[in-house]
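Only one structure is covered here, and it is reproduced in the block below.
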Amino acid sequence: MGLAFSVQKLGDSRPQQQHIRDDLIQAIKDGARLRLRPKVMTVATIVASLLPIMWSTRTGAEVMKPLATPVIGGMLSSLIHILIVTRVLFA
């Protein structure tokens, strides 16, 4: 699933730079597709495990809520960063 450069064929009207760009875009899409499931599963597991802490009103909740809040926010922002921002930067 690596980046494959194609050679311009005779009679092909597109320049070689367009082939390289198409190959790059395809490699970015393939990489994002491979990374989607592991990242979503990791984020979903961590967020699902910390949400009960956020809703808790028992003893110790006032200490745990400030600890859980940045972790949930960081996981959600990392999901957006890995799946959207990084992909746009590479393109």
Side-chain angles (χ1 to χ4, degrees):
M1 302 258 169
L3 181 62
F5 292 99
S6 58
V7 178
Q8 186 175 4
K9 299 175 186 173
L10 291 175
D12 192 1
S13 61
R14 293 192 313 173
Q16 188 171 358
Q17 290 294 333
Q18 185 63 34
H19 287 294
I20 293 171
R21 177 137 176 91
D22 291 343
D23 291 341
L24 177 64
I25 296 298
Q26 187 59 43
I28 291 169
K29 287 179 182 178
D30 290 343
R33 197 173 297 120
L34 286 174
R35 196 66 196 123
L36 178 65
R37 183 175 176 190
K39 188 64 179 178
V40 169
M41 291 299 292
T42 302
V43 170
T45 302
I46 292 173
V47 169
S49 66
L50 292 176
L51 281 180
I53 293 172
M54 296 299 294
W55 289 326
S56 178
T57 57
R58 291 180 162 191
T59 306
E62 64 276 354
V63 174
M64 293 303 292
K65 283 182 184 182
L67 297 174
T69 304
V71 175
I72 291 174
M75 290 308 296
L76 294 176
S77 66
S78 75
L79 177 69
I80 292 169
H81 181 274
I82 293 296
L83 297 180
I84 298 173
V85 175
T86 304
R87 193 171 153 190
V88 170
L89 289 176
F90 277 121

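Scope of the values below: all heavy atoms of this structure, side chains included, with no hydrogens, waters or symmetry mates.
- Atom CE in Met75 sits 9.0 Å away from atom OG1 in Thr45 (nearest 0.5 Å).
- Residue Leu36 holds its CG atom at 12.0 Å from CD1 of Ile82, rounded to the nearest 0.5 Å.
- Grouping the Ile, Leu, Val, Met, Phe, Trp and Tyr side chains by contacts below 4.5 angstrom, directly or via other members, places Val71 with Leu67.
- Proximity of a side-chain donor or acceptor of Ser56 to a complementary backbone N or O of Pro52 within less than 3.5 Å is not detected.
- Here the shortest heavy-atom pairing between Pro66 and Ala61 reads CD-O, 4.4 Å.
- Applying the side-chain hydrogen bond (donor to acceptor under 3.5 Å, both in side chains) definition to pairs two or more places apart or across chains, those involving residues 82-91 are His81-Thr86.
- Residue Ile46 holds its CD1 atom at 8.0 Å from OG of Ser78, rounded to the nearest 0.5 Å.
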- Query: Does the side chain to side chain contact (heavy atoms under 4.5 Å, CB included) test come out yes or no for Leu50 and Ile53, once each step is laid out?
  - Reply: CA-CA 5 Å; Leu50 292 176; Ile53 293 172; 3.8 Å; yes

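- Note that the CG atom of Leu79 and the CG atom of Leu83 stand 5.0 Å from one another [nearest 0.5 Å].
- For the atom pair Asp23 CG and Gln18 CD, the distance stands at 10.0 Å (nearest 0.5 Å).
- In this structure, NZ in Lys65 is found 11.0 Å from CD1 in Ile72, a value given to the nearest 0.5 Å.
- Two different hydrophobic clusters hold Leu89 and Ile80 under the rule that ILVMFWY side chains link at heavy-atom gaps under 4.5 Å.
- Scanning for side-chain hydrogen bond (donor to acceptor under 3.5 Å, both in side chains) contacts around Arg58 gives an empty result, with sequence neighbours left out.
- Annotation: side chain of Ile28 is in contact with side chain of Leu24 (closest heavy-atom distance under 4.5 Å).
- Under the 4.5 Å side-chain contact rule for hydrophobic residues, Val43 and Leu51 share a cluster.
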- Is there a side-chain hydrogen bond (donor to acceptor under 3.5 Å, both in side chains) between Asp22 and Gln26 once you walk through the steps? CA-CA 6 Å; Asp22 291 343; Gln26 187 59 43; over 6 Å; no

